[in-house]
Enquirer: 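Before I ask anything, let me first share the structure, which is written out below as structure tokens.
The figures that follow rest on heavy atoms only: side chains count, while hydrogens, waters and symmetry mates do not. Every value quoted in this text rests on a predicted model; they were computed, and no experiment measured them. Letters A, B, ... are given to chains in the order of the sequence lines, protein chains preceding strands, and every chain is numbered from 1.
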Number of protein chains: 2
Amino acid sequence: MKEGPDIALLGSLIGDPARANMLMALMAGKALTATELAAEAGVTVQTASSHLSKLEHAQLISPRKQGRHKYFTLSNEDVGDFLENMLGLAAKQGYMRTRTGPKDEDLRRARVCYDHLAGELGVKAYDSLLKHRYLLEVNGDLRLTASGKAFFDKLGIDTMPMKALRRPLCKACLDWSARRSHLAGSLGTALIDKIFENGWAKRRENSRIVTFTREGEKKFSRLFS
Amino acid sequence: MKEGPDIALLGSLIGDPARANMLMALMAGKALTATELAAEAGVTVQTASSHLSKLEHAQLISPRKQGRHKYFTLSNEDVGDFLENMLGLAAKQGYMRTRTGPKDEDLRRARVCYDHLAGELGVKAYDSLLKHRYLLEVNGDLRLTASGKAFFDKLGIDTMPMKALRRPLCKACLDWSARRSHLAGSLGTALIDKIFENGWAKRRENSRIVTFTREGEKKFSRLFS
DNA sequence: ATAATGCTTCGACTAATATCGAAATATGAA
DNA sequence: TTCATATTTCGATATTAGTCGAAGCATTAT
């Protein structure tokens, strides 16, 4: 039984609380410095440096040097999707860190999942896109239809340049709280960027939580009804 | 950042090589005794007992006492699906335990994924079912059509009694080797059972690998063309 | 230059835990 | 009963790995 990939390595990397905290912080999508990540993890910078080098070596995170700062992000969306998936099983099994509080409610409502929108509102958008046949599921792949292209055009999202990217245009990601799919891929990224750009919502500091303005949520709901 | 579920706990459980080996062995779907799992993990029974109690306590595996033996299986298909997912990321990141050998090729071809068929042939069946519209993807859920019901009826699989179960009839599971979906859920279980029953294939001892007979593979391919 | 900030390396300490031998418990066989 | 097998518990050991202080390197600010 020594066939196949080694999940123990991946498990042990995530199995340390400090590293898990770092990865969760990076799930918010923003690039963070080593010092910031140390604070998130609740350890000194020396300890953090050791953890970060392990995560980097395993290609779960990628560094980007900028002056004397070193910014980290998750290496790619596969890592983000997997972590979301892991959150799903952990939640289902009842591995919770804190008693459910008001923050938890906000988190379930709307949050950043690495580079796209997750939570109830993310699922809502996804469902709506499928309902109106802006997206179609074909053989496990997600495809953008002509009317979908028009829909995003009207939103001010040009889907043309995305075609060229190696990264899939649209993709489903399983939501840990709703246990339903939401939109990922470069289209998912473009959508959440547009939401922030329009001022419909903003990131909560040091959190994955996305807080919609009253007006923003109204517009969002009308758009994805 | 102490919001949400605790993935570190889940990670550390899988992070130990002995436990990871045990879980991988259980991915073959067969119930195994504590002694067998100890052998799979390469540790003594005392050590295995300790690991098993941890996995059981975390509800990743479930025991079933039978005389003086204690049989373990994965607790539910969510655990199996998650492990398959984890294998996917581990493989993509290049966390392999052994150099790719002939066994690896067989594993990619056809294998058991806890309680259903995975690998190239599993993906092939899934694609075919969608192509012929025996299955439909509706809003992220998989639905069996009337013609699909007839298809399985002809195969000798009665889908009626499955309706009553709480477990979903059909469900997609992401394949680690093909990085495509294959059929899970109770229908997936029924299908692989039928394959074994028909003598089209059999499990390889102490492995997830499923070996098809020449004749069996021909019939399988014709069925899911 | 000199100082300050961000990060890494080194070394020592500590805590956690995987490990197994020995013994205990439980079930089944003779 | 007596013996054999399966599993668990206890206790001791050893290894691992997370931790941080101190020092070093690199970059930026003054």
Side-chain angles (χ1 to χ4, degrees), chain A residues 1-2 6-26 30-73 95 97 206, chain B residues 1-2 6-26 30-73 95 97 206:
Chain A
M1 254 325 199
K2 278 169 285 287
D6 183 9
I7 57 172
L9 176 58
L10 185 51
S12 69
L13 281 167
I14 303 173
D16 178 81
R19 285 192 293 263
N21 283 335
M22 291 173 167
L23 292 170
M24 290 308 298
L26 291 175
K30 247 185 17 177
L32 296 173
T33 66
T35 315
E36 289 171 324
L37 286 167
E40 287 286 348
V43 294
T44 62
V45 285
Q46 305 98 292
T47 306
S49 178
S50 159
H51 286 310
L52 289 169
S53 100
K54 282 183 182 119
L55 291 173
E56 180 185 338
H57 189 259
Q59 301 180 55
L60 292 180
I61 63 176
S62 300
R64 194 163 48 89
K65 291 209 83 170
Q66 204 162 94
R68 56 184 166 183
H69 294 277
K70 193 168 177 184
Y71 285 92
F72 290 94
T73 55
Y95 305 162
R97 290 188 289 189
N206 293 330
Chain B
M1 257 322 198
K2 277 169 286 287
D6 183 10
I7 57 172
L9 176 57
L10 185 50
S12 69
L13 282 166
I14 304 174
D16 178 81
R19 284 194 293 263
N21 283 335
M22 290 173 168
L23 291 171
M24 288 309 298
L26 291 175
K30 248 185 21 178
L32 296 173
T33 66
T35 314
E36 288 171 324
L37 286 166
E40 288 285 349
V43 294
T44 61
V45 285
Q46 304 95 293
T47 305
S49 179
S50 159
H51 287 309
L52 289 169
S53 101
K54 283 185 181 113
L55 291 173
E56 180 185 339
H57 189 259
Q59 300 179 58
L60 292 180
I61 62 176
S62 300
R64 196 164 46 89
K65 291 211 80 168
Q66 205 162 92
R68 56 184 166 182
H69 295 277
K70 193 169 176 183
Y71 284 93
F72 291 94
T73 55
Y95 306 162
R97 292 187 288 189
N206 293 330

Enquirer: Between B/R64 (CZ) and C/dT27 (P), how many Å, whole number?
Expert: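 Those two atoms, CZ and P, are 17 Å apart.
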Enquirer: Please tell me if the side chains of A/M22 and A/H51 come closer than 4.5 Å, counting only heavy atoms from C-beta onward.
Expert: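 Side-chain contact under 4.5 Å: yes.
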Enquirer: Any sub-3.5 Å donor-acceptor pair from B/R19's side-chain atoms to B/L13's backbone N or O?
Expert: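 Answer holds: yes.
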Enquirer: I'd like to check the salt bridge (Lys or Arg N to Asp or Glu O under 4.0 Å) partners of B/K54; sequence neighbours left out, ordered by chain and number.
Expert: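 Salt bridge (Lys or Arg N to Asp or Glu O under 4.0 Å) list for B/K54, sorted by chain: empty.
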Enquirer: List in chain and number order the residues that pass side-chain hydrogen bond (donor to acceptor under 3.5 Å, both in side chains) with A/T33, two or more places apart in sequence or in another chain; answer none if no residue qualifies.
Expert: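 Checked A/T33 against side-chain hydrogen bond (donor to acceptor under 3.5 Å, both in side chains); matches are A/E36.
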Enquirer: Check whether any side-chain heavy atom of B/L37 lies under 4.5 Å from a side-chain heavy atom of B/N21, and answer yes or no.
Expert: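 With C-beta onward as the side chain, the pair stays apart.
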Enquirer: Are any of the side-chain heavy atoms of B/R64 and B/Q66 separated by less than 4.5 Å?
Expert: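 Contact flag for B/R64/B/Q66 side chains = yes.
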Enquirer: B/Q46: which residues meet the side chain to side chain contact (heavy atoms under 4.5 Å, CB included) condition with it, sequence neighbours left out?
Expert: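 Testing B/Q46 for side chain to side chain contact (heavy atoms under 4.5 Å, CB included), a comparison that skips the adjacent residues, returns B/T44.
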Enquirer: Quick one: which protein N/O atoms are closer than 3.5 Å to N/O atoms of nucleotides 12-16 of chain C? Pair and distance per line, please.
Expert:
none

Enquirer: Phosphate oxygens OP1/OP2 of D/dG18: is one of them under 4.0 Å from a side-chain N or O of A/T47?
Expert: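 Negative; the distance criterion is not met.
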Enquirer: Side chains of B/I7 and A/M24, heavy atoms from C-beta outward: is any pair under 4.5 Å?
Expert: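 B/I7 reaches A/M24 side chain to side chain.
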Enquirer: For the residue pair B/I14 and A/L10, establish whether any side-chain heavy-atom pair is separated by less than 4.5 Å.
Expert: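 Side-chain contact under 4.5 Å: no.
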Enquirer: Between the protein and nucleotides 1-8 of chain D, list the N/O to N/O atom pairs that are separated by less than 3.5 angstrom.
Expert:
from, atom 1, to, atom 2, distance (Å)
D/dT5, O4', B/R68, NH1, 3.3
D/dT5, O2, B/R68, NH1, 3.2
D/dA6, O3', B/R68, O, 3.1
D/dT7, OP1, B/K70, N, 2.9
D/dT7, OP2, B/T35, N, 3.1
D/dT7, OP2, B/T35, OG1, 2.0
D/dT8, OP1, B/K70, NZ, 2.9
D/dT8, OP2, B/S49, OG, 2.9
D/dT8, O5', B/S49, OG, 3.4

Enquirer: Could you give the CG-to-P distance, from A/N21 to D/dG18, as a whole number of Å?
Expert: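 Those two atoms, CG and P, are 14 Å apart.
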Enquirer: Counting distance only, does the side-chain N/O of B/Y71 pair as donor-acceptor with the main-chain N or O of B/K30 below 3.5 Å?
Expert: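 No, because the side chain of B/Y71 does not come within donor-acceptor range (under 3.5 Å) of the backbone of B/K30.
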Enquirer: Starting at atom CD of A/Q66, determine the distance to atom C1' of C/dT5, rounded to an integer number of angstrom.
Expert: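 One finds 16 Å between C1' of C/dT5 and CD of A/Q66, rounded.
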Enquirer: Check whether any side-chain N or O of A/H51 sits under 4.0 Å from OP1 or OP2 of D/dA17, and answer yes or no.
Expert: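 No.
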Enquirer: Can you give me the closest heavy-atom contact between A/F72 and A/L26, atom names plus distance?
Expert: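 Residues A/F72 and A/L26, closest heavy atoms: O-CD2, 3.4 Å.
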Enquirer: A/T44 side chain N/O closer than 4.0 Å to the phosphate oxygens (OP1, OP2) of D/dT19?
Expert: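 So the side chain of A/T44 is outside the cut-off, no N or O lying under 4.0 Å from OP1 or OP2 of D/dT19.
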Enquirer: For DNA chain C, determine which residues of residues 9-18 of chain B have any heavy atom closer than 4.0 angstrom to one of its atoms, and list them numerically.
Expert: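 B/D16, B/A18, in order of number.
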